[in-house]
Amino acid sequence: ARYQRHSLSPGDARARFLALGDLDAREALAGIEAPTLIVHNRDNRVIRVIRVIRVIRVIRVIRVTHARYLAERISGSRLLELDSDEPNWFLTVNDPLFDEVTEFFTGTRTLDADERALAVLLFTDLVGSTTRAASVCDQRWRAELDAHDAMVRSQLDRFGGRGIKTTGDGFLAEFHSPTAAIECAGAIVAAADEIGLRIRAGIHLGEIERRGDDVAGLAVVIAARAMALAGDGEVLVSDSVRSALAGSRVRLEDRGEHTLRGVPGDWRLWAAGT
């Protein structure tokens, strides 16, 4: 919504939507000689309803058949159909899309060495935050969140972690050492208990893709899924973390294999303690 408001004034937006039904570029397609990449979200389900004076016009989704029509008539073009129901493909952080666009412009999808790295990721989450927020006034809940955020940042500094971002009632952080990540998670759980809050955490060791100060990739998803399966005050780690802890003082208790939503295969998780 913010993107659209910043793009056009209300009057220009109205004129643009009214003009959509009058555009017909079919005769021009055969004359396009530039390299062309056509991108379409296949399951786009958005329906826009526009009231113009007393007439309601409904502009339905632009179906994938339109993109296929373009691809058939623009010589040498490439069609990329994305498995998404987002109305605007360019507003979604979609790794396959970035790779395709990079290859289209540069001829290769090879990432710079600095963009990918091996890292230990820690996800934390406040247990029962929704219930807690509903039981106290907004001002008190804001104060509790501020105290939580300050405490987590203090522990990250103490154990050498880098806070990547907050998730509303949790944190995503990066470490160079699995032991440091586990000890930091344990310290966060203990410190939260002292201020009347309960924390759960998930840790995974894997390859990440850096996007500025943020990180992306399957490793982020695995760390988040491990955290979601952790109990009150529990720190769950993936098998890759366990393998890296050979000879460490960290104690691990087998929590069995789990299916992580959106992640292929079964994953064994371990409860960590020091």
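All heavy atoms count here, side chains included; hydrogens, waters and symmetry mates do not.
- A donor-acceptor pair is defined here as one N or O able to donate and one able to accept, closer than 3.5 Å; such a pair exists between the side chain of D24 and the backbone of R26.
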Worked verdict on T259 versus W267 for side-chain contact (heavy atoms from CB on, under 4.5 Å): CA-CA 6 Å; T259 299; W267 291 78; over 6 Å; no

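- A salt bridge links K165 and D214; the closest N-O separation between the charged side-chain nitrogens and carboxylate oxygens is under 4.0 Å.
- E144 has its side chain within reach of L197: a pair of non-hydrogen atoms, C-beta onward, lies under 4.5 Å apart.
- Rounded to the nearest 0.5 Å, atoms CG (D149) and OG (S154) are 12.5 Å apart.
- Contact between P178 and A244 at its shortest, heavy atoms only, is CG-CB, 3.9 Å.
- In this structure, T124 contributes its side chain and A201 its backbone to no donor-acceptor pair below 3.5 Å.
- When the options V221, L229, D266 are evaluated for a side chain to side chain contact (heavy atoms under 4.5 Å, CB included) with L260, the one that passes is L229.
- Between F171 and H148, the angle of the ring planes lies from 30° to 60°, which puts this pair in the tilted group.
- The hydrophobic clustering, which links ILVMFWY residues whose side-chain heavy atoms are closer than 4.5 Å, places V237 and V215 apart.
- For the pair L122 and F175, the minimum side-chain heavy-atom distance is below 4.5 Å.
- To the nearest 0.5 Å, atoms CG (L245) and OG (S240) are separated by 9.5 Å.
- Closest non-hydrogen pair, A226 versus L269, comes out as CB-CD2, 4.2 Å.
- Looking at S9 and D12, their side chains do bring a donor and an acceptor atom within 3.5 Å of each other.
- The only option from V250, L236, L205, L252 that meets the side chain to side chain contact (heavy atoms under 4.5 Å, CB included) definition with V241 turns out to be L205.
- A heavy-atom distance below 4.5 Å is found between the side chains of L126 and L145.
- Counting only heavy atoms from C-beta outward, the side chains of T36 and R78 never approach each other to under 4.5 Å.
- Using a 4.0 Å cut-off between charged side-chain N and carboxylate O, R162 and E174 make a salt bridge.
- Taking the charged nitrogens against the carboxylate oxygens, E72 and R68 have no contact shorter than 4.0 Å, which rules out a salt bridge.
- Linking ILVMFWY residues whenever their side-chain heavy atoms come closer than 4.5 Å, directly or via other members, places M227 and L172 in the same cluster.
- When all heavy atoms are compared, the tightest approach of T179 to S248 is OG1-OG, 3.4 Å.
- Between A13 and L8, the closest heavy-atom pair is CA-CD1, 3.8 Å.
- There is no path of hydrophobic side-chain contacts, each under 4.5 Å, that joins I32 to L80.
- Closest approach of R198 to G233, counting heavy atoms only: NH2-CA, 3.8 Å.
- The pair R268-D239 fails the salt-bridge criterion, with no side-chain N (NZ, NE, NH1 or NH2) lying under 4.0 Å from an Asp/Glu carboxylate O.
- Remark: the backbone N or O of A272 is not paired with any side-chain donor or acceptor of R251 at under 3.5 angstrom.
- Counting heavy atoms from C-beta on, the side chains of C184 and L156 come closer than 4.5 Å.
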Evaluation steps, side-chain contact (heavy atoms from CB on, under 4.5 Å), between R210 and R116: CA-CA 6 Å; R210 300 193 186 280; R116 297 198 68 86; over 6 Å; no

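- Distance alone, capped at 3.5 Å, places no donor-acceptor pair between the S75 side chain and the R73 backbone.
- Taking a cutoff of 4.0 Å between a charged side-chain nitrogen and a carboxylate oxygen, R158 and E183 do not qualify as a salt bridge.
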Full working for side-chain contact (heavy atoms from CB on, under 4.5 Å) between V127 and I199: CA-CA 6 Å; V127 178; I199 296 286; 5.8 Å; no

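- Defined by atom type and a distance below 3.5 Å, a donor-acceptor pair is missing between the side-chain atoms of Q139 and R142.
- Under a cut-off of 6.0 angstrom, the local environment of CG in D254 is crowded, with over 12 non-hydrogen atoms contributed by other residues, nucleotides or ligands.
- Taking CD1 of I164 as the start and CZ of F123 as the end, the distance is 8.0 Å to the nearest 0.5 Å.
- E253 has a carboxylate O that lies under 4.0 Å from a charged side-chain N of R255, or vice versa, which qualifies the two as a salt bridge.
- A single hydrophobic cluster is not seen to contain both L70 and L23; linkage of ILVMFWY side chains at heavy-atom distances under 4.5 Å, directly or through other members, places them apart.
- In terms of hydrophobic clustering, with Ile, Leu, Val, Met, Phe, Trp and Tyr side chains grouped at heavy-atom distances under 4.5 Å, V220 and I203 are assigned to different clusters.
- With contacts defined as side-chain heavy-atom distances shorter than 4.5 Å, the pair W270/R242 qualifies.
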Intermediate values then yes/no, side-chain contact (heavy atoms from CB on, under 4.5 Å), F105 and L37: CA-CA 10 Å; F105 280 113; L37 176 65; over 6 Å; no

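- Between A230 and R200, the shortest heavy-atom distance links the atoms O-CD, 3.5 Å.
- In this structure, R16 places its CZ atom where only 12 or fewer heavy-atom neighbours from other residues, nucleotides or ligands lie under 6.0 Å away.
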